[in-house]
Each structure stands twice: as C-alpha cells, then as structure tokens.
Amino acid sequence: MSLHKAESEWWRDSQESILPKDETVIEQTQFVKLGRCQWWFMVALNIFFLIVGQAAAVLLGRFYYDQGGNSKWMATLVQTAAFPVLLIPLYFIPSSKDPSTSSGPPSIKVLALIYFALGVLLACDNMLYSVGLLYLSASTYSLICATQLAFNAVFSYFINSQKFTVLILNSVIIVSFSAALIAVSDDSSGPAGVSKWKHILGFICTLGASAIYSLLLSLMQLTFQKVLKKETFSVVLEMQIYTALVASCAATVGLFASGEWRTLHGEMEKFGEGRVSYVMTLVWTAVAWQVCSVGVVGLIFVVSSLFSNVISTLSLAVTPIAAVIIFHDKMDGVKIIAMLLAIWGFATYIYQNYLDDSKVRRRQTGVRESHNDSSA
C-alpha cells in the first residue's frame, strides 16, 4: 500500500515538474490513474510515433520527387489530407466534461476565425516545405529544418513571454551557425538537374517554412492560454483536425487553381516505380504525417507542448542518417559538422529546460515542507 502511494506521489511530482508553470491547467483525468511504467510507456510510444512518422514522411516526400513526381501542391496536400486519422484517438480517449475554467467557452465565430487563420498559415508553411524538399536532398532539408528550434525560442520570447537565458541564446546562435554552414556549402548530393539558384530557393523556402512553423506553434500556444484557456486532449486534437481541414481545402484550391491537377495523370503514368507505387507513395506519405501528428498531440497532452516541440526537432537529426542509408545521400564534412552543431544546440536547449524543471521541483518541495510544518 505504501509502495503504491509512493509511486503515485512520484508520478504527480514528475508531472508537476515537467509542465510549464505559465501554461493553463491541462486535463489529465485519463492518465492520473497510470503508474510510473504506464506513463513512461505513453511518453515513449508518442516519441516513437513522432520520430518515425516525421522521418518516414520526409523520406517518402523525397522519393516522390526522385521518381518523377513534380506537383508541389500535391506534396502540400498530402501533409494534411489524412487528418481524419486523428478522429481515432479522439474517439477512443475522450476528455472529461468537467470545465477547467470559470469563464465560458469562446464563441463559434471566434474559434472559426482562429482555425481558419491558423489553417491558411499551415497551408503556406506546407507549401514552402514542399518547395524546399523539391530542390534539396533529404539530409540537407532536415538539417535546415532544425532551425525551427532557434525560431521557436525567438517567437516564444515575444509572443509567449518565455525567458531568454544564456543557454537558450547559445542554442539559437549554434543552430544558426549550423544553418549557415548548409547555406554556403555546395549540396553535391542534391537532386539531379537542380541549379545553384534553385538550391538557394530551396534553402530560403525551407528556412522560411521553419520560421512559420515555429510562429504557428507560438500562436497555437497563445490561443490555448488566452482564448481557449485550457489544453485538454480534445481541445488540442480538435485544433489539429480543424486547422488541417482548412489547410487541406487551401491546398486543394491551389492544386486546381494552378492547373497542376491536369499533370497528375501523366505523373502517375511516368512514375519510376509504376502507377501503384505512385498512389501508395502519396497515401503513405499522408498517413506518415498524421502518425507524426498523433505523436505531437500525444506529447502535448501527456507531457507538455514545449517537450513535444523539442522532440520534434530531435527527430530531424534521425532523417539525415536515414537518408544516407536509403537514398545514399552524401554526408560530407560540412553536413556532419552542421549536424553536430544542431545536436549541441538541442542539448543546451534541453539543459535549460532541465534547470527550469529542477527549479519548479525545488519550489514545490519547499511549499509542501512549509505546509507540513504549519500543519504540525
């Protein structure tokens, strides 16, 4: 009995130390009953979904281009088109109906406007990612995407009032140096037929997409704090679903407005691995992105949104290694140094969060001790 009580207290303490103090109350009714092993299993499972889903989606996207695919709008659409997959966890893990705030919920018009704006921004972000992946190798693309960690620190400072410590500043500078190395290097392992100017365009688009993605995360966090005023499982998942719906509609409009839909049949006929492979590549790319989304949402709910974003950045280090194995991308000295710098920047960012969590833990321990003294 005492062992079970101690385990429950450890789980509660670990949750309190991991969750940021400035975030609103996160509903964890479904997970409070879990013990330490079950909680770590949920964390590990969601990390697996995020890393494998993101790496698979990037590699399949590169495979689509390598085999003859050329529709940027189709590559944009598949990043969100499989959003109905998110209805499965929403159905099996429903949230409690208990209100978490004293104020009433925001109006439908306000929510619709927010979801529409975020969805359009997401569609623009996906389009930039598609252009970047078209003109860059998978390894180069992933290393540039790691700059989202630096952009996240900057946007979090101005939008979410996150503290800008020396370690975070160090992380921003190191990751920026990593991206600069990629920018000035000659990507000899890049896609065939890509000129130097298209390589530069791919770099700019990928860098811009990383900035927009970080801005999107900060705006979502601001919406949770100021508008929704809660971050329950259902609310987080609904935001993912509705923004993906808007982004998919925007990408579909772009596909038809640009006239690229007329070339899809020809793409399928000329696809290097055949028509069936063409369809399956698009389908599994869409599924992989939503598996990644399940991991992102799961980590936001089980741990925190900050932890989810950091793991998302960590997964970008897996993709260059996978690209070397699968596509035989050239991993020259510049890329290796850039990857080591990105990992260094990631490590300092994680260490800062560890210090913040330790400070929160010590504060909570002091509060409990003072409460016990006053009770005695």
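For this chain, numbers begin at 1 and follow the sequence in order.
Within the 4.5 Å cutoff, side-chain heavy atoms of Thr281 are placed close to those of Ser277. Looking at Phe63 and Asp66, their side chains never come closer than 4.5 Å, going by heavy atoms from C-beta outward. Using a 4.5 Å cut-off on side-chain heavy atoms (C-beta onward), Thr252 and Phe256 make contact. You'll find the side chain of Leu215 reaches within 4.5 Å of the side chain of Ile159, heavy atoms only.
For the residue pair Leu77 and Ala251, the shortest heavy atom distance occurs at CA-CB, 3.8 Å. Nearest heavy atom pair, residue Gly132 against residue Cys205, reads N-CB, 4.1 Å. Considering every non-hydrogen atom in both Thr206 and Gly202, the closest pair reads OG1-O, 2.8 Å.
In this structure, CG on Leu255 lies 12.0 Å from OG on Ser248, to the nearest 0.5 angstrom.
Of the N and O atoms on the side chains of Ser214 and Gln148, not one donor lies less than 3.5 Å from an acceptor on the other residue. Glu267 and Tyr278 are linked by a side-chain donor-acceptor pair at a separation below 3.5 angstrom, with hydrogens and angles left out of the test. Side-chain N/O atoms of Ser156 and Gln221 include no donor and acceptor closer than 3.5 Å.
Atom CZ of Phe271 has more than 12 heavy atoms from other residues, nucleotides or ligands within 6.0 Å.
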| Candidate pair Leu228 and Met239, rule side-chain contact (heavy atoms from CB on, under 4.5 Å), full reasoning | CA-CA 10 Å; Leu228 301 174; Met239 176 173 283; 4.1 Å; yes
